[in-house]
Protein chains: 2
Amino acid sequence: MSWDLKSDRPIYSQLIEQIELKICSGIFAPGTKLPSVRELAQDAAVNPNTMQRALSKLEEDGLLYTNRTSGRFVTEDVKMIQQAKHRLAQEQISEFLEKMKSLGFDKSETLSIVSEMLKGAKK
Amino acid sequence: MSWDLKSDRPIYSQLIEQIELKICSGIFAPGTKLPSVRELAQDAAVNPNTMQRALSKLEEDGLLYTNRTSGRFVTEDVKMIQQAKHRLAQEQISEFLEKMKSLGFDKSETLSIVSEMLKGAKK
DNA sequence: ATTATTGTATTAAGCGCTTAATACAATAAT
DNA sequence: ATTATTGTATTAAGCGCTTAATACAATAAT
């Protein structure tokens with residue numbers, strides 16, 4: 001599953017982010033059952049409490065729901081997932097543009113650099 | 001100066017990042033004297049030790065140098081600053097593209113979204 | 001010469017994050 | 001009925017980050 005956790009940010013917050021991405025991209029499909037807390041924790045090489053913390057937050061946000069003893073599931077509210085996806089995309093884009101601006105690249109420069117990189121990479 | 005520190009990441013690491021940006025964009029020009037540790041710390045509303053920690057790292061990286069009692073200065077090695085600038089830009093771009101990919105946007109989609117946003121914003 | 005400012009260092013305390021070790025209730029699976 | 005699996009909760013310990021309170025040496029400013 002390749003969790004690839006960095007040490008310069010709280011783990012639970014990185015877990016939230018990565019699971020969120022998997023839900024938004026459909027890797028964790030709507031209505032699907034997630035692996036158990038213990039399984040996920042082991043897979044990510046993390047303490048169950050830490051994984052639990054991340055999952056609770058996602059549940060609070062409405063992306064997951066829990067059936068007391070049968071497990072956790074991805075929401076079936078596709079609209080909500082779409083909203084989350086677009087919110088995250090917006091955040092990414094504005095953070096990116098802002099940082100490039102701080103670095104001293106104006107918008108047209110940034111755009112051409114990105115285009116160049118995309119041409120360079122295949123597909 | 002608007003430091004705008006978040007609580008979800010170590011402060012010293014955010015300080016490094018922001019000072020690095022100011023050096024790369026020329027706001028802190030090559031050869032320029034920085035404010036003292038204490039001043040910077042007060043400005044950022046942070047403990048002097050924490051600011052010191054960030055500055056030490058930047059010095060280690062070669063972007064700053066210290067004159068024992070007269071203060072800290074931005075390197076005059078413009079080439080090194082340029083390198084740092086491009087390294088940071090590369091990092092930003094690949095992180096951004098990678099995250100958009102995780103979200104389920106392919107490269108051409110990402111490019112058109114960014115173009116759209118840049119058209120929308122004035123200038 | 002004296003004073004103020006520079007970077008630097010040390011110690012103790014508090015806080016959040018993370019882990020480890022458990023335990024419990026509810027219920028699906030057998 | 002029994003067993004295994006689910007989410008959940010608690011406690012104690014360790015660790016890094018941050019702050020506060022100091023102190024010191026070197027030297028620029030006066």
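Here is how names work: the chains are called A, B, and so on, in the same order as the sequence lines, proteins then strands, and each is numbered from 1. This one's a predicted model, so the numbers in the text were calculated from it and none came from an experiment.
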Residues which pass salt bridge (charged side-chain N to carboxylate O under 4.0 Å, His left out) with [X], listed by chain and number, not counting sequence neighbours:
X	answer
B:E91	B:R87
B:D8	none
B:R72	B:E59
B:K79	none

Separation of [X] atom [atom1] from [N] atom [atom2], in whole Å?
X	N	atom1	atom2	answer
B:D8	D:dC17	CG	C1'	14 Å
A:L15	C:dT18	CG	C1'	11 Å
A:R72	D:dT5	CZ	P	18 Å
A:N67	D:dG7	CG	P	10 Å
B:L55	C:dA9	CG	P	13 Å
A:K33	D:dT6	NZ	C1'	8 Å
B:L5	D:dT18	CG	C1'	12 Å
B:M51	D:dA20	CE	C1'	17 Å

Revision key, fill the gap. Each nucleotide of nucleotides 21-30 of chain C classed B (base within 4.0 Å of a protein heavy atom), S (only sugar-phosphate) or -, in 5' to 3' order, makes B-B--BS---

Practice item. Output the residues of residues 57-66 of chain B in contact with DNA chain C, where contact means a heavy atom of the residue under 4.0 Å from an atom of the strand; sort by number or write none. Key: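 Residues of residues 57-66 of chain B under 4.0 Å from DNA chain C: B:T66.
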
If you restrict it to nitrogen or oxygen atoms, what contacts under 3.5 Å exist between nucleotides 12-16 of chain C and the protein, and what is each distance?
none

Check your understanding: So among B:R9, B:K6, B:K22, which one has a salt bridge (charged side-chain N to carboxylate O under 4.0 Å, His left out) with B:E17?
Key ->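 Considering B:R9, B:K6, B:K22, a salt bridge (charged side-chain N to carboxylate O under 4.0 Å, His left out) with B:E17 is found only for B:R9.
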
Exercise for review: Specify the residue among A:P10 and B:Q52 whose closest nucleotide of DNA chain C lies further upstream toward the 5′ end.
Suggested key: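 Going by which nucleotide is closer to the 5' end, it is B:Q52.
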
**Study point:** Canonical and wobble pairing (Watson-Crick, G-U, under 3.5 Å) of DNA chain D, dot-bracket with |
**Key:** ||||||||||||||||||||||||||||||

Check your understanding: Is it true that B:K99 and A:E95 make a salt bridge, defined as a side-chain N closer than 4.0 Å to a carboxylate O?
Key ->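 The answer is no: the pair does not qualify as a salt bridge.
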
Check your understanding: Judged by atom type as modelled, is there a donor-acceptor pair below 3.5 Å linking the side chain of A:T50 to the main-chain atoms of A:V46?
Key ->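 Answer holds: no.
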
Exercise for review: Report the distance from atom OG of B:S112 to atom CE of B:M117, rounding to the nearest 0.5 Å.
Suggested key: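 So the gap between those two atoms works out to 12.5 Å.
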
**Study point:** Set of residues satisfying side chain to side chain donor-acceptor pair (under 3.5 Å) with respect to A:K85, sequence neighbours excluded
**Key:**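 Checked A:K85 against side chain to side chain donor-acceptor pair (under 3.5 Å); zero matches.
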
Exercise for review: Using the ring-ring contact (aromatic ring centres under 6.0 Å, His included) rule, collect all pairs that involve residues 49-70 of chain B, keeping only residues at least two apart or in two chains.
Suggested key: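 Found B:Y65-B:F73.
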
Review point. Should B:S36 be listed as having a side-chain N or O under 4.0 Å from OP1 or OP2 of C:dT6?
Key: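 For C:dT6, OP1 or OP2 has a side-chain N or O of B:S36 closer than 4.0 Å.
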
Exercise for review: Go through the structure and list residues passing ring-ring contact (aromatic ring centres under 6.0 Å, His included) with B:F96, not counting sequence neighbours.
Suggested key: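 By the ring-ring contact (aromatic ring centres under 6.0 Å, His included) rule, B:F96 matches A:F96.
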
Check your understanding: Which pair of non-hydrogen atoms, one from A:L5 and one from A:A44, has the smallest distance, and what is that distance?
Key ->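 A:L5 and A:A44 have their closest heavy atoms at CD1-O, 3.9 Å.
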
Practice item. Check side chain to side chain contact (heavy atoms under 4.5 Å, CB included) between A:E109 and all other residues, then give those that pass, not counting sequence neighbours. Key: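 A:F105, A:D106.
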
**Study point:** Sole residue of B:L58, B:I19, B:V74, B:D77 in side-chain contact (heavy atoms from CB on, under 4.5 Å) with B:L63
**Key:**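 Checked B:L58, B:I19, B:V74, B:D77 against B:L63; only one passes side-chain contact (heavy atoms from CB on, under 4.5 Å): B:L58.
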
